[in-house]
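Residue numbers start from 1 in every chain, and the chains themselves are labelled A, B, ... in the order their sequence lines are given, proteins ahead of strands. Keep in mind that this is a model prediction, so the values were computed, not measured. Just so it is clear, the values below take in all heavy atoms, side chains as well, and ignore hydrogens, waters and symmetry mates.
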Amino acid sequence: MEYSKQDLLDMYYHLVNGRIFTGKMSQAVNDGHIRISYHSAYGEEATSIAVVSALRKTDWIVQSHRVQPASIMRLDPYKFICELFGKRDGQHFGTGYDFHLSDMAGDGRLGVPMATLGSVVPMYVGFAWALKQQKKDEIAVVFQGDGALSEGVCYEAFNIGSLYKVPMILVINNNNWAMTTPLNRQCVNPDISDRAKPFNIPTQIVDGSDLLALRQAMDKAVVLARNNEMNVVEVKNLRWDAHYVRQNSSYRDDMDEIRDAMVNKDCVKIYENYLLKKNLIDQEYIDKLKKDCAAHIDELIQRAAACEYPRFEDVYRKECIYTMPETGGDL
Amino acid sequence: MAKMYLNRAIAAAVAEEMARDERVFLLGEDIINCGGGLSTYLGVPEKFPDRCLDMPIAEAGYTYFGVGAAVAGLRPIVDLMFSDFATICSDAISNGSAKVAFSTQGKCGCPIVFVMANGGRGTYGNFGSGCHHSQCVESWFQNVPGLKVVAPYYPADVKGLLKASIRDDDPVIFLFHEGSTGVSGIVPDEEYVIPLTNAANILQEGDDITIVAIQSMVPIAVKAVETLKKSGINAELIDPRVLIPLDEKKIIDSVRKTGKLVVVQEAPRRGSFGGEIVSTVVEKLNGQNISVKRLGSLNAPIGNGMVEYFLVPKEEDIVNAVKELCQK
Ligand SMILES: Cc1ncc(C[n+]2csc(CCOP(=O)(O)OP(=O)(O)O)c2C)c(N)n1
Ligand SMILES: [Mg+2]
């Protein structure tokens with residue numbers, strides 16, 4: 001498929017912005033602004049960008065803990081940064097962080113995520129079925145990692161999802177690590193999407209450093225999902241950072257591979273070279289974009305740092321605990 | 001006697017028990033490279049490589065794996081990281097391990113320990129990690145016959161009680177407090193085991209009122225007791241350390257003496273273990289004039305960040321509750 005110039009440049013903007021955001025948030029951990037484990041998407045940004053660009057604004061995404069570049073394509077980045085900093089201007093008054101953050105009522109269409117790994121897979125099979133049942137022309141895309149796919153509920157979900165033909169895509173971000181455990185100590189077959197095949201679920205495997213290949217795979221996946229064919233896209237990534245920023249990474253035995261990937265398999269550089277070759281951008285364009293993105297995020301960080309912490313009455317309102325507060329008992 | 005961090009006390013207990021009994025083995029996520037997801041077993045995999053198993057992120061499966069191994073004669077220690085994740089394997093715990101003895105009419109036990117971090121990092125005002133990483137689960141399991149529940153606070157208690165839990169022939173939910181893994185305390189050098197029976201510790205004697213503080217609330221209650229002394233109130237402070245089997249005698253004897261009881265816990269107040277303690281005491285002291293008060297977290301899910309602290313009982317809550325009962 002051919003993409004328009006605007007489409008290609010939009011993706012480039014989001015990719016660059018996602019990369020810079022990722023770096024700035026690592027810095028924010030070091031600066032003490034982020035005080036909960038931050039799971040950096042460093043090196044894996046293209047996965048987020050390809051997924052969200054392939055969707056309509058009315059489609060749903062369900063974030064994992066490592067797709068912040070996707071989240072800031074759907075949410076006001078200032079509100080998102082405030083969530084990471086635990087500040088009052090956040091989408092959820094700073095109490096959602098990233099793994100409890102949703103936008104069900106606004107334009108973001110971020111589904112309710114779960115910090116218990118794997119659980120979103122069956123949950124959004126049901127969600128997607130309900131979209132179909134209500135004749136909404138919308139699909140749901142769920143992000144989970146290689147490690148999360150060891151949860152048994154994922155396979156119950158595959159069975160139910162293929163049986164009930166649901167408009168859902170599972171994006172498996174296979175970055176070869178779950179916390180400090182390498183993939184080869186989690187399972188014997190490194191191609192995790194193979195596990196969907198016995199359920200007659202279509203699968204694709206894509207290189208996470210190639211944004212265009214990712215986008216093409218996502219476009220195919222979206223067509224399938226719109227025809228109510230649940231399917232899986234497995235993205236082969238390599239986790240460049242530790243599990244969380246500032247984790248001691250002495251356990252890693254693949255540092256050579258990472259150094260090599262940073263040079264030869266960097267999704268930003270690869271896509272940049274493609275656009276340069278097509279004469280869609282030049283060095284001046286690149287420099288200006290990077291400078292502008294950095295300046296913008298810096299400004300948001302400053303504002304978020306100055307913002308106050310949430311108050312009791314912001315957060316613990318009775319109607320946020322029970323939708324029918326009069327029947328939920330006392331706080 | 002040396003100072004030891006709580007996570008090191010866990011590692012020491014596990015290493016000692018693995019050295020003592022070849023049937024003991026450890027399984028969970030991130031065991032080999034990280035000493036467990038919360039680094040509570042540092043050094044153990046190096047000492048016992050054949051008995052430390054990395055598991056995929058499959059709590060339901062690997063907890064049942066442990067139950068099966070226990071039924072076959074081994075003594076597994078199953079690490080679950082955060083107690084919140086116990087929901088994922090609660091079938092293995094509540095329907096599996098808890099029913100083995102009954103389902104074999106006592107012919108076979110299920111000697112297994114489920115180790116997990118209970119409660120939140122926000123308890124003492126730090127940034128907490130939200131509603132899937134901070135809950136207290138003791139009351140979720142108290143109503144399942146067949147399970148034992150251990151909930152100590154101090155590193156020395158953690159070590160001695162974990163050793164007893166590993167030696168116990170029944171399934172034990174072993175809770176350490178998540179916000180206190182960096183807490184250090186004096187731990188005896190010589191080997192010791194703290195039996196699960198009669199485990200309550202009277203941390204402070206007093207005649208005016210009884211305070212029972214569960215796990216994370218112990219250090220807060222210790223401070224409250226000091227503050228109360230200045231107002232001339234001498235509280236008796238009890239740390240039950242083990243919830244099932246509960247050391248009822250020490251608590252009841254104390255309330256018989258003081259006539260007043262405040263229980264304080266980090267778990268939400270409604271449906272809590274503290275409520276169970278109050279019921280037990282009231283029932284045993286039927287006919288006597290006693291007054292009681294339950295303190296616990298508010299009835300709300302836990303938000304990320306600073307707001308977790310809003311929910312949990314604080315020193316002033318204990319002080320106020322005590323004064324209220326003492327004025328009556
Ligand atoms: C049910 C459950 N078990 C364990 C955890 C703790 N945990 C958080 S992230 C993580 C590793 C996830 O690995 P993966 O799915 O590969 O995602 P990645 O971090 O590599 O993006 C673990 C074990 C959890 N959040 N939920
Ligand atoms: Mg991974």
Engineer: Main chain of A:His39, side chain of A:Gln68: is a donor-acceptor contact present, judged purely on distance under 3.5 Å?
Structural biologist: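 The answer is yes, because a donor-acceptor pair under 3.5 Å joins these two groups.
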Engineer: Picking from B:Asp30, B:Leu298, B:Asn299, B:Ile88, which has the most non-hydrogen pairs under 4.5 angstrom with chain A?
Structural biologist: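 It is B:Asp30.
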Engineer: If I measure from the heavy atoms of chain B, does A:Arg311 come under 4.5 Å with its side chain, its backbone, both, or neither?
Structural biologist: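 Just its backbone gets close to chain B.
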Engineer: Would you mind checking if A:Arg259 and A:Glu257 are paired as a salt bridge, meaning a charged N to carboxylate O distance below 4.0 Å?
Structural biologist: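 So A:Glu257 does not pair with A:Arg259 through a salt bridge.
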Engineer: Quick one: which of B:Glu308, B:Arg269, B:His133 has the most heavy-atom pairs under 4.5 Å with chain A, could you say?
Structural biologist: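 If we count pairs closer than 4.5 Å to chain A, B:His133 comes out on top.
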Engineer: Given the options B:Ile32, B:Asp84, B:Ile302, which has more heavy-atom pairs under 4.5 Å with chain A than any of the others?
Structural biologist: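 Between B:Ile32, B:Asp84, B:Ile302, the count favours B:Ile32.
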Engineer: Treating B:Asn33 as the side-chain partner and A:Thr180 as the backbone partner, does any N or O pair qualify as donor plus acceptor under 3.5 Å?
Structural biologist: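 Pair found, side chain donor or acceptor close to backbone of A:Thr180.
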Engineer: What residue in B:Gly130, B:Gly305, B:Cys131 has the most heavy-atom pairs under 4.5 Å with chain A?
Structural biologist: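 Max contact count across the listed options: B:Cys131.
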Engineer: With only heavy atoms counted, which part of A:Phe312 is less than 4.5 Å from chain B, the side chain, the backbone, both or neither?
Structural biologist: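 Contact with chain B involves both backbone and side-chain atoms of A:Phe312.
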Engineer: Using heavy-atom distances under 4.5 Å, tell me whether A:Tyr322 contacts chain B through its side chain, its backbone, both, or neither.
Structural biologist: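 Just its side chain gets close to chain B.
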Engineer: Give me the one residue out of B:Gln265, B:Glu178, B:Glu266 that meets side-chain hydrogen bond (donor to acceptor under 3.5 Å, both in side chains) with B:Ser216.
Structural biologist: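 Considering B:Gln265, B:Glu178, B:Glu266, a side-chain hydrogen bond (donor to acceptor under 3.5 Å, both in side chains) with B:Ser216 is found only for B:Glu266.
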Engineer: Can you tell me which of A:Gly147, A:Gly86, A:Gly152, A:Cys320 forms the most heavy-atom pairs within a distance under 4.5 Å of chain B?
Structural biologist: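 Between A:Gly147, A:Gly86, A:Gly152, A:Cys320, the count favours A:Gly147.
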Engineer: Going by atom types only, do A:Ser193 and A:Asp191 share a side-chain donor-acceptor pair under 3.5 Å?
Structural biologist: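 Per modelled atom types, A:Ser193 and A:Asp191 side chains form no pair under 3.5 Å.
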Engineer: Please name the residue in the list A:Asp146, A:Asn237, A:Val235 that meets the side chain to side chain contact (heavy atoms under 4.5 Å, CB included) test with A:Asn174.
Structural biologist: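 Looking at A:Asp146, A:Asn237, A:Val235, the match for A:Asn174 under the side chain to side chain contact (heavy atoms under 4.5 Å, CB included) is A:Asp146.
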Engineer: Tell me, side chain or backbone of A:Tyr97 under 4.5 Å from chain B's heavy atoms, or both, or neither?
Structural biologist: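 Interface part for A:Tyr97: both.
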Engineer: Under a 4.5 Å heavy-atom cutoff, which of A:Met114, A:Gln186, A:Lys87, A:His243 has the most pairs with chain B?
Structural biologist: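 Heavy-atom pairs under 4.5 Å are most numerous for A:Met114.
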Engineer: Do NZ/NE/NH1/NH2 and the carboxylate oxygens of A:Arg88 and A:Asp314 come within less than 4.0 Å?
Structural biologist: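 A salt bridge is present here (some side-chain N lies under 4.0 Å from a carboxylate O).
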Engineer: Any side-chain to backbone donor/acceptor pair from A:Tyr155 onto A:Leu149? Under 3.5 Å, distance only.
Structural biologist: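 Such a contact is found between A:Tyr155 side chain and A:Leu149 backbone.
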Engineer: Between B:Arg121 and chain A, which part of the residue has a heavy atom less than 4.5 Å away: side chain, backbone, both or neither?
Structural biologist: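 Neither part.
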